[in-house]
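Structure first, commentary second.
Since the model is a prediction, treat every value here as computed from it, not as a measurement. We number each residue from 1, following the sequence as shown.
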Amino acid sequence: MTELALVLLTGVAAGVLNSVGGGGTFVALPALVAVGLPPVTANAAARIALVPGAVAGAWVYRRELAPVGATSTTELTATSVAGSGVGACLLLVLPASSFESASPWLLAFATVVLALGRHLSRVLARVLDRSAGMSTRAVLIGQFLIAVYGGYFGGAVGILMVALWSIGLGLDAAAGNPMRITQLAAVFLTSGMLFLFTSDALRAPLLLAALLVGATAGGFAGAHLARRLPARLLRGVLLATATVTTVLYFLRG
């Protein structure tokens with residue numbers, strides 16, 4: 001299999017994962033590193049390529065958006081854009097060695113969130129006997145910090161959003177999925193556009209184009225698949241991918 005075909009298929013998988021539950025970074029970033037791109041460049045290229053897929057997924061769910069508690073969609077989206085911009089700037093300004101050293105730990109963190117985030121939400125809700133009842137300001141602060149993480153790295157950022165809304169407001173994960181995909185698109189679009197003009201992601205235009213085409217198709221298809229496939233199966237596949245990727249990154253380091 002040629003590098004372009006591998007990256008194309010990886011893009012499809014990443015787009016599907018982002019639409020059905022998050023985690024496209026778990027496959028896109030390692031694939032680009034495997035074909036020779038430096039980690040920071042690969043991260044920037046993956047973010048650019050995942051933008052159309054995230055936007056396509058948001059378009060599919062555009063009629064199903066519902067506010068997160070008392071926080072409006074406009075407020076939440078503006079916060080996601082601002083936080084993502086800050087995170088993207090950190091990636092560009094900090095030394096490349098910082099990201100290379102941090103990436104295995106960021107992957108490990110995202111994997112733990114993926115594995116335990118929903119369980120933690122349920123445990124806290126049971127202990128509190130209700131949701132935390134976060135104010136709009138608290139929701140926006142939490143969203144900003146998550147978006148900063150998303151702009152810098154991106155792995156499991158959508159899962160972190162759902163965890164925040166679930167713990168803080170008692171929002172059902174399924175009900176929050178349209179908003180999750182919309183905010184994921186805002187985070188990826190902001191950081192992706194910054195990376196497009198300020199990073200060296202265009203040093204491999206064919207690889208970037210292959211990943212972009214695959215992610216766009218996968219994002220559109222994944223938004224439809226999410227309504228049909230069992231959630232347990234989708235989460236199992238994503239968790240297995242995340243775990244293997246994290247272990248490989250630690251071994252590589």
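L92 and I48 fall within a single hydrophobic cluster, where Ile, Leu, Val, Met, Phe, Trp and Tyr are joined by side-chain heavy atoms under 4.5 Å apart, directly or via other members. The cluster map of Ile, Leu, Val, Met, Phe, Trp and Tyr, joined by side-chain heavy atoms under 4.5 Å apart, puts V55 and F197 in the same cluster. Using a 4.5 Å cut-off between side-chain heavy atoms of Ile, Leu, Val, Met, Phe, Trp and Tyr, with links allowed through other members, Y149 and V86 fall into the same hydrophobic cluster. L194 and L91 fall into different hydrophobic clusters, where Ile, Leu, Val, Met, Phe, Trp and Tyr are joined by side-chain heavy atoms under 4.5 Å apart, directly or via other members. Both L184 and L145 belong to a common hydrophobic cluster when Ile, Leu, Val, Met, Phe, Trp and Tyr are linked at side-chain heavy-atom distances under 4.5 angstrom.
Remark: V213 pairs with L8 by the side-chain contact (heavy atoms from CB on, under 4.5 Å) rule, at least two apart or across chains. Every residue meeting the side chain to side chain donor-acceptor pair (under 3.5 Å) condition with S72, not counting sequence neighbours, appears here in chain and number order: E75. Looking at residues two or more places apart in sequence or on another chain, you find a ring-ring contact (aromatic ring centres under 6.0 Å, His included) between W105 and F250. Residues satisfying the ring-ring contact (aromatic ring centres under 6.0 Å, His included) criterion with Y152, sequence neighbours excluded, are F99. In this structure, the salt bridge (charged side-chain N to carboxylate O under 4.0 Å, His left out) partners of R203, at least two apart in sequence or on a different chain, are D200.
W165 has its side chain within reach of L76: a pair of non-hydrogen atoms, C-beta onward, lies under 4.5 Å apart. Using a 4.5 Å heavy-atom cutoff, the side chains of L202 and L196 are in contact. Residues T41 and S199 fail the side-chain proximity criterion, which asks for heavy atoms closer than 4.5 Å. With a 4.5 Å cut-off on side-chain heavy atoms, V187 and M161 count as touching.
Closest approach of T10 to L211, counting heavy atoms only: C-CD1, 4.2 Å. The two residues L208 and A201 come nearest to each other via the heavy atoms CD2-O, 4.2 Å. Contact record, L29 with A46: N-CB, 4.4 Å, taken as the closest heavy-atom pair. Of all heavy-atom pairs between F188 and V51, the closest is O-CG2, 3.0 Å. Of all the heavy atoms in A186 and T77, the pair that sits closest is CB-CG2, 4.0 Å. Heavy atoms only, all atoms of each residue included: A49 and P52 are closest at O-CD, 3.3 Å.
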Handout entry: Audit row: E3, L6, side chain to side chain contact (heavy atoms under 4.5 Å, CB included) steps and yes/no
Key = CA-CA 5 Å; E3 289 185 351; L6 173 63; 5.6 Å; no
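Side-chain N or O atoms of R47 include none that pairs as donor or acceptor with a backbone N or O of T190 at under 3.5 Å. S84 places no side-chain N or O within donor-acceptor distance of the main-chain N or O of S80, the cut-off being under 3.5 Å.
Atoms OG1 and CG, from T73 and L65 in turn, are 5.5 Å apart once rounded to the nearest 0.5 Å. Remark: L164 CG to I146 CD1 distance equals 4.5 Å, nearest 0.5 Å. L140 CG to T79 OG1: the interatomic distance, rounded to the nearest 0.5 Å, is 4.0 Å.
Residues near V93 contribute nothing to a hydrophobic cluster around it, because no ILVMFWY side-chain heavy atom sits closer than 4.5 Å to its side chain.
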